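Presented below is the structure to which this report refers.
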Amino acid sequence: MNSQQWIEKADKVMMKNVGRYPLVPVRGAGCRVWDADGKEYLDFLAGIAVNSLGHCHPRVVKALQEQAATLMHCSNYYHNAPQIELAELLCRYSFADRIFFCNSGAEANEAAIKLARKYSRDKHGPERYEIITAVESFHGRTMATVSATGQEKVQRFFDPLLHGFTHVCFNDIEALKAAITPNTCAIMLEPIQGEGGINIPSPDYLKEVRELCDQHGLLLVLDEVQTGIGRTGKLFAYEHFGVSPDIMTLAKALGGGGPIGAMLAREDIAAAFTPGTHGSTFGGNPLMTATAVAVIRTILEEGILNHTEEIGEYLLGELEALGSKYPFVKEVRGIGLIIGMNLAMPAGDIVKKGHERGVLLNVTHDTVLRFVPPLIVSKQEVDEMIGILEGIFAEI
Ligand SMILES: *Cc1c(COP(=O)(O)O)cnc(C)c1O
């Protein structure tokens with residue numbers, strides 16, 4: 001079947017909750033995908049920062065296939081070996097002492113919200129449940145995470161929202177200070193805002209947030225669903241800012257394309273999740289945790305973090321050089337391979353032209369071109385994408 005035939009079928013049976021492009025990828029390898037008509041695309045979106053090792057990385061495919069043929073699922077009533085191995089890896093390379101596994105970013109954030117509330121209730125009583133989050137943040141699409149998200153376009157139509165969230169401007173420490181009340185239990189932030197337009201805080205912001213949390217006995221929850229697992233050139237973005245969170249969430253890149261989320265916490269906080277307080281049927285099942293173990297080992301053993309840092313600097317430099325030639329490019333900003341190019345106009349048409357010319361680009365926050373390619377992207381592939389983008393810019 002060709003792309004058009006698939007799209008006509010989709011039109012009849014798929015819900016229209018997502019505005020989909022008329023593009024049907026059917027196969028991928030490395031930084032490239034092919035659609036149902038056999039057309040090739042260079043992938044600079046990587047499934048929204050998910051396919052960090054590219055498509056069908058041999059180590060990831062092998063781990064998934066072997067585990068699928070061994071034990072896919074068995075229930076969290078029992079211990080499972082790949083889950084324990086993955087938890088050990090995450091604890092060894094992060095601030096955390098204990099891990100809870102789930103299936104997505106929103107679920108990881110739900111778990112973080114519940115843990116923050118439970119810990120604070122145990123310690124300070126039932127009044128202390130409010131969580132401060134940032135304007136333009138994105139934490140997911142479930143009711144609690146929609147309530148946590150600081151974007152009207154995500155929240156509208158779904159009133160009443162969950163009670164107990166306040167939103168303050170990102171990167172504004174005074175606004176945070178002013179928002180703290182006796183009922184505040186946690187501050188929840190993305191270290192770099194992803195969906196909100198690749199917003200990078202000033203170097204001291206997160207340190208000041210950490211100090212504020214310590215002064216007031218608040219939990220610092222970092223949502224690293226988009227920034228975690230190497231995206232910034234370090235395993236976790238918080239490492240760039242000289243802080244440790246109390247709770248952290250992961251998802252997107254953790255499974256190398258497979259659905260998995262994780263919520264990580266320090267020992268004393270994790271202790272608030274006593275038996276029966278939270279759970280997930282699929283969370284941490286052997287299939288996905290074995291895959292995630294392969295993802296993390298590959299990143300650590302194959303120098304992917306150094307490569308991400310280097311190639312990220314190269315891509316940033318190339319985008320800045322390109323941007324300096326076109327007055328409609330307002331700013332290029334990024335760390336590692338999470339880079340935004342803010343334009344003076346909506347970027348939707350550029351994405352469509354990219355598809356025509358064989359590159360998967362992405363726009364977030366309406367005017368920001370977001371570049372989150374696989375971490376294994378090569379200099380040649382960057383040059384190829386820049387060449388295509390330059391061709392598009394020249395026509396505007
Ligand atoms: C994508 C994302 C989420 C939501 O993850 P899902 O897997 O779609 O539920 C949450 N937080 C951040 C920062 C994200 O980028």
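Small disclaimer: the values here were computed from a predicted structure and weren't measured. Numbering of residues begins at 1 and proceeds along the displayed sequence. We count ligands from 1, going down the list as the structure has it; atoms in each ligand are counted the same way.
Atoms of ligand 1 found under 4.0 Å from any heavy atom of N109, numbered from 1 in the order shown, are 10 (C), 11 (N). Ligand 1 places these atoms under 4.0 Å from at least one heavy atom of S104: 7 (O), 9 (O). Listed by number with element, the atoms of ligand 1 under 4.0 Å from a non-hydrogen atom of D223 are 10 (C), 11 (N), 12 (C), 13 (C). Atoms of ligand 1 found under 4.0 Å from any heavy atom of E190 (numbered from 1 in listed order, with element): 13 (C). Per-residue contacts place Q226 under 4.0 angstrom from the following atoms of ligand 1 (heavy atoms of the residue considered): 15 (O).
Counting protein heavy atoms under 4.0 angstrom from atom 9 (O) of ligand 1 gives one or more.
Given atom 15 (O) of ligand 1, the protein heavy atom at minimum distance is K252 NZ, 2.6 Å. At the shortest separation from atom 6 (P) of ligand 1 among protein heavy atoms lies G105 N, 3.5 Å.
For F328 and F393, the distance between ring centers is under 6.0 angstrom. Separation of the F95 and Y238 ring centroids falls under the 6.0 Å cut-off.
Checking only distances, A106 does come within under 3.5 Å of ligand 1, N or O to N or O. Distances between N or O atoms of F138 and those of ligand 1 include at least one value under 3.5 Å.
V225 is not connected to V221 by any chain of hydrophobic side-chain contacts under 4.5 Å among Ile, Leu, Val, Met, Phe, Trp and Tyr, and they are in different clusters.
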Query raised in the report: Stepwise, does the side-chain hydrogen bond (donor to acceptor under 3.5 Å, both in side chains) test hold for Q4 with E8?
Result: CA-CA 6 Å; Q4 193 49 43; E8 278 163 22; 3.3 Å; yes

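With hydrogens and angles disregarded, no donor-acceptor distance shorter than 3.5 Å links the side chain of Q193 to the backbone of G197. A distance-only check finds a donor-acceptor pair linking the side chain of T291 to the backbone of L287 [under 3.5 Å]. R370 places no side-chain N or O within 3.5 Å of a backbone atom of I339 that could act as its donor or acceptor partner.
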